[in-house]
Amino acid sequence: GRETAQTDVPAHKLRPQAQQAAAPDPVETPVSAAPRQPSAVAASLAKGAKAVGQGITAVGRATWKFLSLLANKEKRRTSGREFREGADRAMNGLVDRFNSLTAVSRVLMFLALSLVMVARGGVLVASWNRAKEERVAAYERSVAAVEQKIDSAEASMIYRDESRARELLAEATTAVAALPEKRPAELEVKESLRQKVSASYDTLRREVKLGQPEIVASITVGAEQPALSRLAPADGVVWSVSSKGEIFKVSIADGATEHVADVPGGAAPAIFLTQGKDIFAASGTGAAAIVTLAGKKTDRTVDFQGADAAVADAGVYNARLYVLDAAHNRIMRHQADDKGYGQAQFYLKDGTDLSQAVSMSIDGLVYVLRKDGSIVRIAKGLQESFSVSMADPTVTAPLRLRTGADADLFVLDSAPMRILRYNKKTGVLMAQYVSDSLKGASDFVIDAKGTTALVAVNNQILRFALPDTK
């Protein structure tokens with residue numbers, strides 16, 4: 001065969017072409033990104049916070065150690081020194097760490113602490129303002145509550161619910177006392193509320209100050225000034241009797257006074273009542289007399305059935321004499337006769353307790369005043385459902401009860417000296433008239449319309465105008 005010439009060729013060039021095409025391309029090795037460097041501000045804050053945290057931790061450990069040692073009696077002496085040394089070390093470490101900070105870090109730390117302090121201060125201020133607003137609101141609510149109680153008490157008075165009004169005013173008084181009074185404005189509000197409560201109490205008490213009285217008469221007998229004990233009104237005159245039984249006729253128009261007679265026995269009579277224009281006086285023994293306006297005296301008797309009557313008071317109605325005998329818990333009724341008043345009959349038909357009675361008055365119904373200020377109303381011998389409002393201050397020493405056909409009920413009280421006025425139908429307290437000129441009063445009478453009171457005070461008869469209470 002034919003010989004083929006061979007040429008020297010490199011081995012890698014002798015690889016098949018397909019093999020060369022399958023060889024992988026060279027792979028590029030990824031280059032790692034360079035780590036991100038923290039900002040200088042964050043690094044400084046972190047470094048400063050770490051230093052502060054380490055210092056606080058050191059101080060906390062020293063404090064705990066101090067408290068532990070303080071509980072040990074034997075080591076108490078050295079605990080103070082160790083605590084100071086620990087605190088100094090902690091403080092020195094804190095200072096060293098702070099000094100190791102760069103100027104920028106210090107500024108940034110101060111800035112951060114300032115922001116924290118400002119924020120904390122803002123929170124504290126907001127909390128303080130909120131607490132202040134709550135205190136002011138609570139104070140205003142307390143003041144409003146007191147004013148509401150006063151208004152409610154006055155409304156209760158309008159509806160004649162005195163007990164509820166008194167209860168509300170007592171609550172208002174307690175509430176006013178609890179109000180703060182540190183600032184002038186608080187003191188002013190407190191004093192204003194006290195005055196309102198006091199004024200409401202005055203309204204509740206129905207207290208009315210009387211004007212200066214007119215002196216109707218100043219009675220004298222020779223050089224003596226008799227002590228007047230009883231009064232009895234008649235047409236144009238007022239009859240009066242002294243503690244010695246001297247009977248005087250006094251003109252209401254000009255005060256002209258006449259000593260017309262003396263009561264049998266030479267003492268104040270147990271019964272002293274007008275009959276028309278004349279005066280009827282009787283002792284507890286039954287000896288009596290009737291004296292006319294002209295001064296004519298005629299002896300009369302009251303049949304007490306041979307025994308002295310314990311007469312507390314008496315009244316005449318429809319030609320019958322009603323005698324209140326509290327000592328025997330009874331009212332006796334005497335029919336008129338040509339000698340005076342005849343044999344008595346028992347008026348009461350039930351067990352009404354009159355043992356504490358002090359006075360009575362009649363206008364068709366019988367009203368009896370007790371020592372505690374209560375008033376009993378009796379019709380045809382039977383007690384009716386009736387009561388009068390409680391007065392403030394309470395009645396403890398009443399002297400006399402008066403009324404008339406068109407008048408209210410009037411009570412002369414001696415402790416304190418005053419005239420109480422009650423509605424005859426409802427028993428509601430209409431007024432309590434007060435005056436220094438009433439001191440020493442022993443008896444009183446009221447005109448038919450209840451506009452004027454004549455009062456016996458020592459040897460004088462005084463006239464008071466009674467203001468309208470409706």
Heavy-atom pair with the smallest gap, counting every atom of Phe464 and Ser435: CE2-OG, 3.8 Å
Short N-O contact, Asp363 and Lys424, less than 4.0 angstrom: yes
Asn459 side chain to Ile219 backbone, donor-acceptor under 3.5 Å: yes
Short side-chain donor-acceptor distance under 3.5 Å, Gln432 and Arg206: no
Glu207/Lys209 salt bridge by N-O under 4.0 Å criterion: yes
Steps toward side chain to side chain contact (heavy atoms under 4.5 Å, CB included) verdict (Leu293, Lys249): CA-CA 8 Å; Leu293 282 176; Lys249 181 183 66 176; 3.6 Å; yes
Closest non-hydrogen atom pair, Ala175 against Val146: CB-CG2, 3.5 Å
Heavy-atom side-chain proximity of Leu169 to Lys149 below 4.5 angstrom: no
CD/Glu188: more than 12 non-hydrogen atoms of other groups inside 6.0 Å: no
Verdict with reasoning, Arg377 to Val366, per side chain to side chain contact (heavy atoms under 4.5 Å, CB included): CA-CA 6 Å; Arg377 186 171 69 189; Val366 176; over 6 Å; no
Any donor-acceptor pair under 3.5 Å from Thr352 side chain to Leu348 backbone: no
Side-chain donor/acceptor of Arg370 to backbone N/O of Asp353, under 3.5 Å: yes
Donor + acceptor pair across side chains of Gln460, Ser218 (<3.5 Å): yes
Determine all donor-acceptor pairs shorter than 3.5 Å in which one atom belongs to a side chain in residues 228-236; sequence neighbours excluded.
from	atom 1	to	atom 2	distance (Å)
Ser229	OG	Val241	O	3.2
Arg230	NE	Asp443	OD2	3.4

From Arg402 atom CZ to Arg421 atom CZ, the distance as rounded to the nearest 0.5 Å: 15.5 Å
Side-chain heavy atoms of Ile158 within contact of Glu154, under 4.5 Å: no
Any Leu179 side-chain heavy atom under 4.5 Å of Ser142 side chain: yes
Euclidean distance, His334 NE2 relative to Tyr322 OH, rounded to 0.5 Å: 11.0 Å
Salt-bridge present (Glu224, Lys244; N to O < 4.0 Å): yes
From Tyr347 atom OH to Asp325 atom CG, the distance as rounded to the nearest 0.5 Å: 16.0 Å
Ser240 side-chain N/O to Val238 backbone N/O, donor-acceptor pair under 3.5 Å: no
Candidate list Leu429, Leu420, Ile375, Asn423, test side-chain contact (heavy atoms from CB on, under 4.5 Å), partner Leu409, passing option: Ile375
ring-ring contact (aromatic ring centres under 6.0 Å, His included) evaluation trace for Phe280 with Tyr341: CA-CA 11 Å; Phe280 176 81; Tyr341 291 96; 5.4 Å; yes
Spacing of Met332 atom CE and Asp303 atom CG [to the nearest 0.5 Å]: 10.0 Å
Neighbour count above 12 (heavy atom, 6.0 Å) for Glu186 CD: yes
Heavy-atom donor-acceptor pair, Trp239 side chain to Lys277 backbone, under 3.5 Å: yes
Chi angles and distances behind the side chain to side chain contact (heavy atoms under 4.5 Å, CB included) call for Leu382, Lys380: CA-CA 6 Å; Leu382 300 175; Lys380 297 181 180 180; 5.7 Å; no
Over 12 foreign heavy atoms within 6.0 Å of OH, Tyr317: no
Side-chain donor-acceptor contact under 3.5 Å, Asp313 with Ser359: yes
Of Leu466, Thr452, Leu454, Thr403, the residue whose pairing with Ile446 passes side-chain contact (heavy atoms from CB on, under 4.5 Å): Leu466
Test item: Asn318 side-chain N/O and Arg320 main-chain N/O as donor-acceptor pair under 3.5 Å: no
What donor-acceptor contacts under 3.5 angstrom involve side-chain atoms of residues 122-131, with partners at least two apart or in another chain?
from	atom 1	to	atom 2	distance (Å)
Ser127	OG	Val123	O	2.9
Asn129	ND2	Val125	O	3.3

Backbone N/O of Gly276 and side chain of Thr274: donor-acceptor pair under 3.5 Å: no
Audit row: Val143, Val189, side chain to side chain contact (heavy atoms under 4.5 Å, CB included) steps and yes/no: CA-CA 8 Å; Val143 172; Val189 170; 4.0 Å; yes
Test item: Pro393 and Arg418 side chains (from C-beta on) under 4.5 Å apart, heavy atoms: yes
Atom of Asp278, atom of Thr292 and distance for their closest heavy-atom approach: OD1-CA, 3.2 Å
Side chain to side chain donor-acceptor pair (under 3.5 Å) assessment of Ser163 paired with Asp161: CA-CA 6 Å; Ser163 60; Asp161 189 357; 3.2 Å; yes
Distance-minimising heavy-atom pair for Leu210 and Tyr433: CD2-CD2, 3.5 Å
pair Val411-Tyr422: side-chain heavy atoms closer than 4.5 Å: yes
Least distance between heavy atoms, Ser251 atom then Asp254 atom: OG-OD1, 2.9 Å
Check: Thr203 and Arg205 side chains under 4.5 Å, non-hydrogen atoms: no
Shortest non-hydrogen contact from Pro398 toward Asp413: N-OD1, 3.4 Å
Any side-chain donor near an acceptor of the partner, Thr451 and Asp447, under 3.5 Å: yes
Parallel, tilted or perpendicular: ring planes of Phe248 versus His259, cut at 30 and 60 degrees: tilted
Rounded distance (nearest 0.5 Å) linking atom CD of Gln195 with atom NZ of Lys190: 14.0 Å
Crowding at CD, Glu191 (>12 non-hydrogen neighbours, <6.0 Å): yes
Side-chain touch Pro269/Ser283, heavy atoms, less than 4.5 angstrom: no
Min side-chain heavy-atom separation Val457-Met417 under 4.5 Å: no
Point-to-point distance, once rounded to the nearest 0.5 Å, from CG of Leu324 to CZ of Arg330: 10.5 Å
CG (Leu187) with more than 12 external heavy atoms under 6.0 Å: yes
